[in-house]
Amino acid sequence: MSRPFTLLALVWAPFLSIFVFASQGDTSALHISSHLFALALLVPATVMVWRMRPEAPTSASRWILTFLSVTVLVAVLGHAGELAVAIQRLARDGWVNRDTADIWEHGPHVTISNVTIPAVMLSMLLTAALVVVSLRRRDPVPADRETSRVR
């Protein structure tokens, strides 16, 4: 049961960390750091999803993990693409940590983020659904542990 909760934490933490990074400003260093942090959590999440899927206990969890195997991978690729754009921007700025708020207005970062953000959001919803399905799954009670009805 702990694996779905671990997966939930790995997928939700990058999104929640955006607020921490954004509250500190919009510079190249913070932007790059946020993508590195997200990748550090989403890559293990991808591996975890791939490992969990074949041994899923129910068809519902198998379907959720199938969709997750796509959405988390797309989120990883999106963060990697956005990271590449942010590093290119830092290089264009002469490797000086400057404000990069304009990276959200136009260009490849915006295009890539238009794919990354929905993939992250879907991954978040699917991990929450996986936790719910895992909690609702009832293991059969062994015969020796069944409770007798009071007459």
Side-chain angles (χ1 to χ4, degrees), residues 1-140:
M1 183 59 216
S2 66
R3 290 174 79 188
F5 282 107
T6 302
L7 186 59
L8 182 82
L10 289 172
V11 170
W12 280 69
F15 171 76
L16 297 174
S17 72
I18 289 171
F19 301 106
V20 175
F21 284 105
S23 70
Q24 304 302 310
D26 198 359
T27 64
S28 290
L30 288 168
H31 196 140
I32 290 169
S33 297
S34 71
H35 287 301
L36 288 173
F37 179 74
L39 286 168
L41 297 176
L42 291 174
V43 168
T46 304
V47 173
M48 185 177 230
V49 167
W50 288 344
R51 288 184 178 169
M52 288 173 66
R53 189 180 170 280
E55 53 196 48
T58 65
S59 63
S61 58
R62 197 171 307 107
W63 276 104
I64 292 169
L65 287 163
T66 299
F67 288 122
L68 265 171
S69 67
V70 174
T71 60
V72 176
L73 180 60
V74 170
V76 166
L77 295 173
H79 274 288
E82 289 182 49
L83 174 62
V85 172
I87 291 172
Q88 287 175 350
R89 171 58 186 269
L90 180 62
R92 248 191 348 258
D93 287 343
W95 302 101
V96 176
N97 186 31
R98 294 192 176 140
D99 183 59
T100 58
D102 62 324
I103 205 167
W104 291 101
E105 294 173 11
H106 57 359
H109 188 275
V110 172
T111 304
I112 297 168
S113 69
N114 284 334
V115 174
T116 307
I117 293 168
V120 169
M121 294 296 160
L122 273 171
S123 297
M124 292 169 62
L125 289 173
L126 288 168
T127 54
L130 182 65
V131 167
V132 169
V133 166
S134 298
L135 289 173
R136 299 188 105 218
R137 187 176 139 246
R138 295 192 177 159
D139 294 324

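Between Val85 and the options Leu90, Ile103, Thr100, Val110, a side chain to side chain contact (heavy atoms under 4.5 Å, CB included) holds for only Ile103.
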Without placing hydrogens or testing angles, list every side-chain donor-acceptor pair under 3.5 Å for residues 39-49, not counting sequence neighbours.
{"residue": "Thr46", "atom": "OG1", "partner": "Leu42", "partner atom": "O", "Å": "2.8"}

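Pro118 and Ser113 make their closest contact through CD-O, 4.0 Å (heavy atoms, listed as atom of the first residue, atom of the second, distance). Considering every non-hydrogen atom in both Val133 and Ala60, the closest pair reads CG1-CB, 4.1 Å. Nearest heavy atoms, Thr116 versus Ala75: CG2-O, 4.0 Å. In plain terms, the two heavy atoms of Phe15 and Val120 that are nearest each other are CB-CG1, 4.4 Å. Between Ala119 and Val74 the shortest heavy-atom distance is CB-CG1, 3.6 Å.
Residues meeting the side-chain contact (heavy atoms from CB on, under 4.5 Å) test with Ala29, sequence neighbours left out: Thr27, Asn97. Annotation: side chain to side chain donor-acceptor pair (under 3.5 Å) contacts of His79 (sequence neighbours excluded): His35. Take Arg53 and apply the side chain to side chain donor-acceptor pair (under 3.5 Å) test, not counting sequence neighbours, and it matches Thr66. Residues meeting the salt bridge (Lys or Arg N to Asp or Glu O under 4.0 Å) test with Asp102, sequence neighbours left out: Arg89. Applying the side chain to side chain donor-acceptor pair (under 3.5 Å) test to Glu105 and every residue at least two apart in sequence or in another chain returns nothing. Partners of Ala86 according to the side-chain contact (heavy atoms from CB on, under 4.5 Å) rule, which considers only residues two or more places apart in sequence or in another chain, are His31, Ile32. When the salt bridge (Lys or Arg N to Asp or Glu O under 4.0 Å) test is applied to Asp26, no partner is found at least two apart in sequence or on another chain. Partners of Ser34 according to the side chain to side chain donor-acceptor pair (under 3.5 Å) rule, which considers only residues two or more places apart in sequence or in another chain, do not exist here.
Interatomic distance, Leu83 CG to Leu36 CG, rounded to the nearest 0.5 Å: 5.0 Å. Atom CH2 of Trp95 and atom CD1 of Ile87 lie 7.0 Å apart (nearest 0.5 Å). Separating the CG atom in Leu7 from the OG atom in Ser2 is a distance of 11.0 Å, to the nearest 0.5 Å. Here CZ of Phe19 is found 9.5 Å from OG of Ser17. Values are rounded to the nearest 0.5 Å. If you take CD1 on Ile117 and CD1 on Ile18, they are separated by 7.0 Å, rounding to the nearest 0.5 Å. Here the CG atom belonging to Leu125 is positioned 10.0 Å from the CG atom belonging to Leu68, to the nearest 0.5 angstrom.
Contact check for Met52 versus Pro4: side-chain heavy atoms found under the 4.5 Å cut-off. For the pair Leu10/Val72, no side-chain contact is recorded, criterion being any heavy-atom separation below 4.5 Å from C-beta on.
For the salt bridge (charged side-chain N to carboxylate O under 4.0 Å, His left out) condition, no pair includes a residue of residues 8-18, sequence neighbours left out. Residue pairs meeting the salt bridge (charged side-chain N to carboxylate O under 4.0 Å, His left out) criterion with at least one partner in residues 57-68, sequence neighbours excluded, are absent. For residues 118-131, the side-chain hydrogen bond (donor to acceptor under 3.5 Å, both in side chains) pairs, not counting sequence neighbours, are Trp12-Thr127, Thr71-Ser123.
Heavy-atom contacts from other residues, nucleotides or ligands closer than 6.0 Å to CZ of Phe37 number more than 12.
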